[in-house]
Protein chains: 2
Amino acid sequence: MEAAIETLKREGFAGASARAIASTAGVNQALVFYHFGTVNDLLLAALDATSERRMVRYQEAVANAAGPAEVIAVARDIYREDLDAGHLTVLGAVIAGASTVPELGPALIERIRPWIGFTAEHLGGMLGGSPLADLAPAEDAAFAIVALYLGMELLTSLDGDQAHAESLFAALERLSLPLAALLGTPAKQEGHPHA
Amino acid sequence: MEAAIETLKREGFAGASARAIASTAGVNQALVFYHFGTVNDLLLAALDATSERRMVRYQEAVANAAGPAEVIAVARDIYREDLDAGHLTVLGAVIAGASTVPELGPALIERIRPWIGFTAEHLGGMLGGSPLADLAPAEDAAFAIVALYLGMELLTSLDGDQAHAESLFAALERLSLPLAALLGTPAKQEGHPHA
DNA sequence: GTCTATACTTGGATAGAC
DNA sequence: GTCTATCCAAGTATAGAC
């Protein structure tokens with residue numbers, strides 16, 4: 001599984017053949033099928049492994065962040081970490097691969113769902129009773145954020161250029177202060193307590 | 001090229017082989033190589049064709065929209081149109097494919113750049129002298145929007161489920177009113193005219 | 001320009017020895 | 001569990017007839 005991650009990062013989905021992965025691992029190609037049945041299953045197992053590691057990391061990082069400014073800083077740091085660790089690369093590669101191997105689709109949405117859930121949960125906590133909560137449900141915002149992360153990773157992987165992403169995070173940091181003000185003040189709540 | 005678009009929409013990148021495309025077109029497989037040299041070049045040509053059509057459509061649609069609310073409505077309508085026309089599908093498929101065929105990467109960024117430029121241009125017009133313009137440059141926002149579109153398309157294509165995207169657009173429409181207020185009122189400009 | 005035929009390559013997958 | 005050997009399918013690409 002480590003070799004699969006390594007190969008996905010280095011060669012992308014197309015390069016992640018049973019032969020290539022086995023060669024990275026220094027073992028024989030047939031072992032892939034002995035242990036995992038198919039290459040796709042190995043790829044999904046590898047994705048699960050890195051996802052789990054990253055989820056733990058995300059949770060501890062977000063737990064220590066209070067308010068939009070810190071959360072955005074955490075998001076940026078973690079995005080960088082993800083790129084280094086190759087987690088986003090692996091995810092992007094497999095999602096990209098899913099467009100070429102449709103069987104992967106359903107397996108992948110199951111693996112992305114927790115990330116949307118995780119994001120929605122923390123957004124929900126932040127938006128709390130703020131006026132934004134009614135306008136923009138946490139689930140929608142979470143979907144958008146996950147889609148944004150994914151789109152950024154794919155665009156960034158096309159050129160090697162990370163300037164766009166960094167510049168975007170810088171802009172978000174600048175936005176975090178007025179945003180904090182907006183969230184901090186529950187603002188003219190007209191007090192209509194709907195369920 | 002029509003057959004290539006059709007095949008990409010129906011079968012994804014993996015299914016878009018010279019054989020499959022030729023079969024869709026009702027011609028012989030060898031013609032792909034006679035006319036386009038390689039399959040990738042055909043795919044890029046097809047992408048160019050649909051991109052050009054869509055760009056014309058985007059421009060005329062956005063030209064008639066004034067203010068955030070209308071622009072968001074236009075964005076939603078056009079997103080739906082794109083899904084129908086398959087333009088986003090084709091783009092998503094080829095981008096996904098690029099992760100498996102690295103030679104496509106540079107060719108693709110050249111083809112995406114105009115879309116970021118187009119988006120930035122119109123955002124620039126809208127943000128104008130608003131207080132947001134300093135905090136969030138149009139280029140960053142444009143990059144984010146394009147990434148978001150792409151990510152949405154890829155996530156949506158994993159399941160067949162468009163509910164997320166529709167729900168997100170609905171939320172954005174609700175947000176467009178306060179946003180319009182924010183943009184309309186140049187707001188407490190402390191009047192520090194920096195270059 | 002379009003076809004048939006075919007060479008070549010790569011990768012998934014299995015059988016069977018060890 | 002790991003290896004060698006091998007089969008088979010699918011795809012790119014080219015040669016050459018028409």
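Naming convention: chains lettered A, B, ... in sequence-line order (proteins, then strands); numbering from 1 in each chain.
- Within the structure, the side-chain hydrogen bond (donor to acceptor under 3.5 Å, both in side chains) test picks out the following pairs touching residues 172-182 of chain B (sequence neighbours left out): B/R76-B/E173.
- Within the structure, every pair that satisfies the side-chain hydrogen bond (donor to acceptor under 3.5 Å, both in side chains) test and touches residues 105-119 of chain A, not counting sequence neighbours, is listed here: A/D48-A/R111, A/E110-A/R113.
- Taking the C1' atoms of five terminal pairs at each end of the helix from C/dG1-D/dC18 to C/dC18-D/dG1, the two resulting helix axes are inclined by 0°, rounded to 10°.
- When the C1' atom of C/dC18 is taken as reference, atom CG of A/N28 falls 13 Å away, rounded to whole Å.
- When each of A/I95, A/V90, A/L42 is checked for a side chain to side chain contact (heavy atoms under 4.5 Å, CB included) with A/L47, only A/V90 meets the rule.
- With respect to B/E2 and B/R53, a salt bridge is recorded, a charged nitrogen being found less than 4.0 Å from a carboxylate O.
- Judged purely by atom type and a 3.5 angstrom limit, A/E70 uses its side chain to pair as donor or acceptor with the backbone of A/A66.
- Screening residues 140-176 of chain B for ring-ring contact (aromatic ring centres under 6.0 Å, His included), with sequence neighbours left out, gives A/F143-B/H164, A/H164-B/F143, B/Y79-B/Y149, B/Y79-B/F169.
- Atom NE2 of A/H35 and atom C1' of D/dC3 are 12 Å apart (whole Å).
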Can you check nucleotides 11-14 of chain C for protein contacts, nitrogen or oxygen pairs under 3.5 Å, and list what you find?
from: C/dG11; atom 1: N7; to: A/R19; atom 2: NH1; distance (Å): 3.4
from: C/dG12; atom 1: OP2; to: A/A18; atom 2: N; distance (Å): 2.9
from: C/dG12; atom 1: N7; to: A/R19; atom 2: NH1; distance (Å): 2.8
from: C/dG12; atom 1: O6; to: A/R19; atom 2: NH1; distance (Å): 3.4
from: C/dG12; atom 1: O6; to: A/R19; atom 2: NH2; distance (Å): 2.9
from: C/dA13; atom 1: N7; to: A/Q29; atom 2: OE1; distance (Å): 2.9
from: C/dA13; atom 1: N6; to: A/Q29; atom 2: OE1; distance (Å): 3.3
from: C/dA13; atom 1: N6; to: A/Q29; atom 2: NE2; distance (Å): 3.1

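- Rounded to an integer number of Å, the gap from A/L31 CG to C/dA15 P is 16 Å.
- Here the shortest heavy-atom pairing between B/T38 and B/F33 reads CA-CD2, 4.3 Å.
- For the side-chain hydrogen bond (donor to acceptor under 3.5 Å, both in side chains) test, residues two or more places apart in sequence or in another chain that qualify with B/T24 are B/T7, B/R10.
- Among the atoms of the strands shown, none is found under 4.0 Å from any heavy atom of A/V32.
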